[in-house]
Engineer: 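One structure is given below, represented as structure tokens, and several questions about it will come after.
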Amino acid sequence: MNGHLIENRSWVHLRYEQQIFARDGSAGEAEEAREVRFVFGVERQYPSLERALTGKKTGDRITVRLSADELFGLYDSSLVREIPQEGLKRRRIHKDRRYIELKQGALVSFFVREIRENTVVADFNHPNAGATARADITVLDVRPANGDDLSEAMERMGCRS
């Protein structure tokens with residue numbers, strides 16, 4: 001085990017398990033453990049994750065709670081609107097299902113809350129809006145990032161040198 005602490009420009013290797021909690025508080029299925037490698041402070045992470053990782057070292061275990069605004073956004077009731085059925089493909093309109101259509105080159109997507117005579121109550125929030133998560137994290141390795149690490153990080157972010 002090395003004694004390097006996570007700080008800007010550290011190469012970090014983590015294993016994490018994540019569980020999503022719906023807006024109503026119900027727990028989704030826990031995901032299988034995954035591993036991730038990144039350069040801290042260069043490849044941006046969720047703010048609460050960055051705060052929790054700062055100063056940690058190889059072997060440390062932490063639990064991080066990710067807020068709704070960090071993940072999929074807060075649930076916004078103003079995005080639930082009654083819209084006309086006219087112009088929608090009726091065979092795709094089903095209560096409690098997602099409506100998706102490519103219309104004039106733009107994706108139209110919403111959750112159908114209710115079907116009325118000539119209108120639909122459409123919810124334009126992200127399907128997971130309001131959800132939070134818990135991540136159980138083990139720091140597998142930390143070291144200063146070298147030039148190759150930084151180049152790879154820049155490539156992953158879509159930057160070309």
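Residue numbers count from 1 along this sequence.
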Engineer: For L107 and L102, which heavy atoms make the closest approach, and how far apart are they?
Structural biologist: N-CD1, 3.9 Å

Engineer: Kindly say whether G87 contributes a backbone atom to a donor-acceptor pair with the side chain of K103 at under 3.5 angstrom?
Structural biologist: yes

Engineer: Are F38 and L14 close enough that some pair of their side-chain heavy atoms sits under 4.5 Å apart?
Structural biologist: yes

Engineer: Is any side-chain heavy atom of V112 less than 4.5 Å from a side-chain heavy atom of R97?
Structural biologist: no

Engineer: Apply side-chain contact (heavy atoms from CB on, under 4.5 Å) to Q85 and N118, showing your working.
Structural biologist: CA-CA 6 Å; Q85 285 187 30; N118 296 312; 5.7 Å; no

Engineer: Would you say the side chain of R143 lies within less than 4.5 Å of the side chain of H13, judging by non-hydrogen atoms?
Structural biologist: no

Engineer: Show the nearest heavy-atom pair for residues L140 and T58, with the distance to one decimal.
Structural biologist: O-CG2, 3.1 Å

Engineer: Between D136 and R61, is any pair of side-chain heavy atoms under 4.5 Å apart?
Structural biologist: no

Engineer: In terms of heavy-atom contacts, does CZ of R65 have more than 12 from other residues, nucleotides or ligands at under 6.0 Å?
Structural biologist: no

Engineer: List the atom of R92, the atom of I100, and the distance in Å for their closest heavy-atom pair.
Structural biologist: NH1-O, 3.0 Å

Engineer: In this structure, would V121 and Y75 fall into the same cluster of hydrophobic residues linked by side-chain contacts under 4.5 Å?
Structural biologist: yes

Engineer: State the CD-OG1 distance between Q19 and T132, to the nearest 0.5 angstrom.
Structural biologist: 9.5 Å

Engineer: Among E114, E86, E82, which residue satisfies the side chain to side chain donor-acceptor pair (under 3.5 Å) criterion with T119?
Structural biologist: E82

Engineer: Give me the atom names and distance for the closest heavy-atom approach of E70 to L66.
Structural biologist: OE1-CA, 3.7 Å

Engineer: Could you walk me through whether V42 and M154 pass the side-chain contact (heavy atoms from CB on, under 4.5 Å) check?
Structural biologist: CA-CA 8 Å; V42 174; M154 296 304 281; 4.2 Å; yes

Engineer: Atom CD of E17 and atom CZ of R34: how far apart are they, to the nearest 0.5 Å?
Structural biologist: 11.0 Å

Engineer: Examine F111 and V80 and state if one hydrophobic cluster contains both, with Ile, Leu, Val, Met, Phe, Trp and Tyr joined whenever side-chain heavy atoms are less than 4.5 Å apart.
Structural biologist: no

Engineer: Can you name the closest pair of heavy atoms from T63 and R134 and give their distance?
Structural biologist: CG2-CG, 3.5 Å

Engineer: Name each donor-acceptor pair under 3.5 Å that joins a side chain in residues 21-33 to protein atoms two or more places apart or in another chain, with its distance.
Structural biologist:
{"from": "D24", "atom 1": "OD1", "to": "S26", "atom 2": "N", "distance (Å)": "2.8"}
{"from": "D24", "atom 1": "OD1", "to": "S26", "atom 2": "OG", "distance (Å)": "2.7"}

Engineer: Please check this pair: side chain of R9 against backbone of G41, looking for a donor-acceptor N/O pair closer than 3.5 Å.
Structural biologist: no

Engineer: If we only count heavy atoms from C-beta on, is the H4 to S10 side-chain gap below 4.5 Å?
Structural biologist: no

Engineer: Which atoms form the tightest heavy-atom contact between H126 and F72, and what is the distance?
Structural biologist: CE1-CD2, 3.3 Å

Engineer: Hydrophobic clustering (ILVMFWY, side-chain heavy atoms < 4.5 Å, transitive) - are V64 and V36 grouped together?
Structural biologist: yes

Engineer: Does a side-chain heavy-atom distance below 4.5 Å link F110 with I83?
Structural biologist: yes

Engineer: Is it the case that the side chain of E43 and the backbone of R156 share a donor-acceptor pair, with hydrogens and angles ignored and the cut-off at 3.5 Å?
Structural biologist: no

Engineer: Are R37 and D141 close enough that some pair of their side-chain heavy atoms sits under 4.5 Å apart?
Structural biologist: no

Engineer: Let me confirm one number: the CG-CG distance from L71 to N128, rounded to the nearest 0.5 Å.
Structural biologist: 9.0 Å

Engineer: T54 versus F40: any side-chain heavy-atom pair under 4.5 Å?
Structural biologist: yes

Engineer: For D123 and N125, which I'm curious about, is there any donor-acceptor pair between the side chains at under 3.5 Å?
Structural biologist: yes

Engineer: Roughly how far apart are D60 CG and I6 CD1, rounded to 0.5 Å?
Structural biologist: 7.5 Å

Engineer: Please check if the side chain of Y99 supplies one atom and the backbone of V108 the other of a donor-acceptor pair under 3.5 Å.
Structural biologist: no

